[in-house]
Amino acid sequence: MGHVPAGPELFHAQANAALKDPQLRQNFRGAMDYLQDKRKNAFVDPVEEDKIRTLCESIRKRCLSKLPELLEQLDANCTRNGIQVHWAQNDKEANNIIANIAQSHKARTMIKGKSMVSEEIELNHEMAKLGIECLESDMGEYIVQLDGDKPSHIIMPAIHKNKQEVSDTFEKHLDDFTPTVDVDELIQTGRTRLRQKFHDADIGLSGVNFAVAETGTLCLVENEGNGRMCTTVPKVHIAITGIEKVVEFLSDVPPLYSALTRSATGQAITTYFNMISSPRKRGELDGPVEVHLVLLDNGRTQAYQDEEMRKTLQCIRCGACMNHCPVYTRIGGHAYGTVYPGPIGKIISPHLMGLDNTKELVTASSLCGACGEVCPVRIPIPEMLQRLRTEAKNPPKPDAMPMKGQASAASTLESLAMKGFAFAATNPNLYHRGAWSATKLRGLVPNNMGPWTQCRTSPKLANKTLHQLIKARNKQAGDK
Amino acid sequence: MKLTSPSQSAKSAILSKLRGAKATVIEKEILDYPVWQSHDSELLKQRFIAGLSASHAEVICVRSSQIANAVEQVLTSKACKSVIVGGACDETAGVSEYEGGEFLTEILKGASHLDIVQFGREFEVLKSSLFNEIDAGITHCLGGIADTGTLVLWPDKAEPRSLSLIPPCHIALIKRSTIVSNFAGMMIEQSWQEKMPTHIVLISGPSKTADIQQTLAYGAHGPSQLVVILIDDVGVAQP
């Protein structure tokens, strides 16, 4: 059985469990070292890196600044090209749209390319209720699905498993499998089992990396060819994406694509880059006869409302922030209990799930800044985490749109303590008396201060206040 | 009262929320972005080959007179028994007007010792043999990208997209004169935005994955072998 987390509200317990699992920690340590190294080698020239990040940030900001217009343009151009466009406000609506398409074709099987948005709406689970089998075809996702597990990384879903564990998974779930730790053999096993599924599937489902408004084109980045299979072989192709993935011009794609592959896996380019602009046209001999595009909101419009939070939507899902996060590296992706783990997950999940469910996550950062430093579109993740921490503690300001779950982490005791401190600190008489008393009572500070002293010594107050020290120093200088 | 579908009402609600944010529109900035480029044809060729070779593809350089021979050698070395090519002329499928790629004659000659299937019927008719029987698919390319060692394919009526996807070996023919410096440049020079076809695919090596313990393995779902026949047509006098 895999490490299926219950949810983000149990973050602390899940993180503790992950920290106590030496195999999991070793798997993540190895994988993160590998990915960090790959990215470093992909951006050897810091000047070039700086320029491409600035350009990509500028493209994403511009496209988001025109988001409603670009979505309408995308809708119109896709429709003109013969792609059927659907809009969904939440997971339920998206699943209904997909279920209706499936039922109109009497579909029993759906083969899926990699799509985090389909994880977000729990598509497999919802389709199973209707008797439609959804099979993951990305190798990592396939392994994870066999185990009844969930992806722990957005680029490498089975990163938490080593080859021995993959062999164990195959042995448990696949007939006629001879255990092996030869990776080529393991991959060939997956290839053989999935090939017939591609052949037989009624519907192919994929995500979208970039949706081009100018031409009505859906771009898909991949290495394995499963994305091509899902979008070529079945008679119906359904693409699902968050509304933020739209770009204005076709010329916006090459720099974003380059930044994505280099940041994600350190590749100059992936094996395949698909640009899909229409279903099979008259006279063409292959490709799906129907292509559908589902545009999903699911909380993204909330992030869009606020100029600072809007930067969350710049994300191109490369996963570099996870690969460089000291917290993610140690606890892995499952501990977060969210579809998107790591730093980006901590800033996107509050919009998708509400701050009430995710208030623990926004505090799970050392604010070291590594995530912000590697982000190819320069999302200021540490600043946004601080902002979300504030929103989790305080009610909305009168002129601002409230966030779902706003003020859910508010504590009356903490609030009173801060108010008391503010009063004392702005009242000189009270402040000096308080500081004087504190220095006298310094011996009463306990050695055990809960989580703080788990890995630190208990802080001891100085025996003189700063004011007293400066006064003494000035006096000494005056005496000379 | 006009009835609206759930999707239409979702569209209105989403757009209304986005518009409510009153985001200030940012216009396009012209920013410098250093990409690899060269006007030296030899350098373009070398980088193209180096990129493809690094991605585990085999590259064979030939003159146009040697294409048939090269195709034959590749098919023999890969122990192929059957091969699929484009450019079929099947009157019943109504595709007689389609011409095959430029080098179809040479391809057919090179593969003449094998079972040759021409992609002249709808995919659904050929599907089972494509998945289960055919060893290699041969295609032409629209062009090449030197920077990353990438083939650009615009599948069409004559050369459908599954030719380069389903058989375990993909053999691609590319003319040296079609190799450009980088992806962005190719898009702009050829004004892609004015004429996007059903599907474009960029291919940089055989299918691969590193999903198991970061260990690279080839032949994940697409072709496990990619052989590129690079036809040297630069500086060759046209007959």
Side-chain angles (χ1 to χ4, degrees), chain A residues 31 34 48 51-52 54-55 58 61-62 65-68 86-89 93 97 139-140 156 158 162-163 166 183-184 186-187 191 194-195 199 214-215 217 223-226 228-229 232 243 250-251 254-255 268-269 271-278 281 283-287 297 301 304-305, chain B residues 6-7 10-11 13-15 17-21 23-29 31-34 55 95 119 121-123 127-128 131 148 150 157 160-162 165 183-184 187-188 192-193 196-215 217 219-222:
Chain A
Y34 169 83
E48 195 226 349
K51 284 189 170 175
I52 193 166
T54 304
L55 172 60
S58 150
K61 276 192 166 161
R62 162 167 51 83
S65 83
K66 303 175 180 178
L67 187 57
H86 313 264
W87 298 65
Q89 294 184 82
E93 288 185 2
I97 290 165
M139 285 296 179
M156 301 187 123
N162 60 25
K163 51 194 178 186
V166 174
V183 172
D184 279 320
L186 291 168
I187 293 297
R191 177 188 173 104
L194 287 163
R195 216 161 157 81
H199 179 280
E214 180 182 27
T215 55
T217 300
N223 280 313
E224 295 185 1
N226 65 318
R228 293 185 69 192
M229 286 283 196
T232 303
I243 51 172
L250 201 59
S251 58
I269 195 163
T271 303
Y272 300 119
F273 184 67
N274 296 280
M275 305 175 93
I276 298 161
S277 300
S278 81
K281 286 184 188 143
E284 289 177 346
L285 299 172
D286 69 357
D297 173 358
T301 45
Y304 194 80
Q305 296 299 328
Chain B
S7 173
K11 177 179 175 178
I14 292 168
L15 289 175
K17 282 186 202 167
L18 294 176
R19 293 217 164 87
T24 311
V25 168
I26 301 168
E27 287 310 329
K28 186 171 178 174
E29 281 182 279
L31 291 170
D32 175 35
Y33 156 47
S55 305
V95 292
F119 211 127
R121 284 151 286 167
E122 293 233 315
F123 172 71
K127 190 162 134 179
S128 283
F131 269 93
T148 47
T150 301
K157 294 167 184 173
R161 55 172 115 164
S162 39
L165 172 65
F183 182 27
M187 267 186 177
I188 293 164
W192 283 18
Q193 73 283 359
M196 289 298 278
T198 302
H199 184 251
I200 297 174
V201 60
L202 271 54
I203 301 178
S204 312
S207 152
K208 69 173 180 235
T209 183
D211 267 358
I212 300 179
Q213 210 175 322
Q214 302 85 55
T215 309
H221 295 292

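The structure displayed is predicted, hence computed values, not measured ones. Hydrogens, waters and symmetry mates play no part in the numbers below; they use all other heavy atoms, side chains included.
Across all non-hydrogen atoms, the minimal contact from B:Pro206 to A:Thr271 is O-CG2, 3.3 Å. Annotation for A:Arg62 and B:Ile26: closest pair CG-O, 3.4 Å, computed over non-hydrogen atoms. Taking every heavy atom of both residues into account, A:Asp286 and B:Arg161 meet most closely at OD2-N, 3.1 Å. Residue A:Leu285 comes nearest to B:Pro160 through the heavy atom pair CB-CG, 4.0 Å, listed as atom of the first residue, atom of the second, then distance. Between B:Ala220 and A:Met139, the shortest heavy-atom contact is O-CE, 3.6 Å. The minimum heavy-atom distance linking A:Arg195 with B:Phe131 is given by the pair O-CE2, 3.6 Å.
Most heavy-atom pairs under 4.5 Å with chain A, from the set B:His199, B:Glu29, B:Lys208: that is B:Lys208. Heavy-atom pairs under 4.5 Å with chain B peak, among A:Thr217, A:Thr54, A:Thr232, A:Asp184, at A:Thr232. Counting heavy-atom pairs under 4.5 Å between each of B:Leu31, B:Val201, B:Thr198, B:Ile200 and chain A puts B:Thr198 at the top. Ranked by heavy-atom pairs under 4.5 Å with chain A, the first of B:Ala23, B:Ala21, B:Pro197, B:Ser7 is B:Ser7. The choice from A:Phe273, A:Tyr34, A:Trp87 that makes the most heavy-atom pairs within less than 4.5 Å of chain B is A:Trp87. Ranked by heavy-atom pairs shorter than 4.5 Å toward chain B, the options A:Asn274, A:Leu186, A:Ile243 are led by A:Asn274. With chain B as partner, the option from A:Gly287, A:Ala158, A:Pro255 having the largest number of non-hydrogen pairs under 4.5 angstrom is A:Pro255. Among the candidates B:Ala217, B:Ser207, B:Gly20, the residue making the largest number of heavy-atom pairs closer than 4.5 Å to chain A is B:Ser207. Your options are A:Lys61, A:Lys51, A:Glu224, and the one with the most heavy-atom pairs under 4.5 Å with chain B is A:Glu224. Of all the listed residues (B:Ser162, B:Ala210, B:Gly205, B:Ser55), the one sharing the greatest number of non-hydrogen pairs under 4.5 Å with chain A is B:Ser162.
With contacts defined as side-chain heavy-atom distances shorter than 4.5 Å, the pair B:Lys17/A:Tyr304 does not qualify. Using a 4.5 Å heavy-atom cutoff, the side chains of A:Lys281 and B:Lys157 are not in contact.
Atom OG of A:Ser278 and atom CE of B:Met196 lie 10.0 Å apart (nearest 0.5 Å). Separation of atoms CD1 (B:Ile212) and CE (A:Met156) is listed at 10.5 Å; rounding is to 0.5 Å. A:Ser277 OG to B:Trp192 CH2: the interatomic distance, rounded to the nearest 0.5 Å, is 10.5 Å. Atom CD of A:Glu214 and atom CD of B:Gln193 lie 5.0 Å apart (nearest 0.5 Å).
When heavy atoms are compared at a cutoff of 4.5 Å, B:Ser128 approaches chain A by way of both its backbone and its side chain. Both the backbone and the side chain of A:Ala31 come within contact range of chain B, judged by heavy atoms closer than 4.5 Å. Of the two parts of B:Thr215, the backbone and the side chain both hold a non-hydrogen atom closer than 4.5 Å to a non-hydrogen atom of chain A. With a 4.5 angstrom heavy-atom cutoff, B:Met187 touches chain A only via side-chain atoms. Heavy atoms closer than 4.5 Å to chain B are found in both the backbone and the side chain of A:Gln89. Only the side chain of A:Thr215 has a heavy atom closer than 4.5 Å to any heavy atom of chain B. Both the backbone and the side chain of A:Ile276 come within contact range of chain B, with heavy atoms under 4.5 Å apart.
In this structure, the side chain of A:Thr301 does not engage the main chain of B:Leu18 through any donor-acceptor pair within 3.5 Å. Of the possible polar contacts, one joining the A:Arg191 side chain to the B:Gly222 backbone as a donor-acceptor pair under 3.5 Å is found. Side chain of B:Gln213 to backbone of A:Lys163: a donor-acceptor contact under 3.5 angstrom is found. Without hydrogens or angle criteria, A:Asp297 side chain to B:Ile14 main chain gives no donor-acceptor distance under 3.5 Å.
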Verdict with supporting geometry, A:Tyr272 and B:Ile203, side chain to side chain contact (heavy atoms under 4.5 Å, CB included): CA-CA 5 Å; A:Tyr272 300 119; B:Ile203 301 178; 3.9 Å; yes

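Listed by chain and number, the residues in a salt bridge (Lys or Arg N to Asp or Glu O under 4.0 Å) with B:Lys28 amount to none (sequence neighbours excluded). Remark: A:Asn226 engages A:Ser137 in a side-chain hydrogen bond (donor to acceptor under 3.5 Å, both in side chains) (not counting sequence neighbours).
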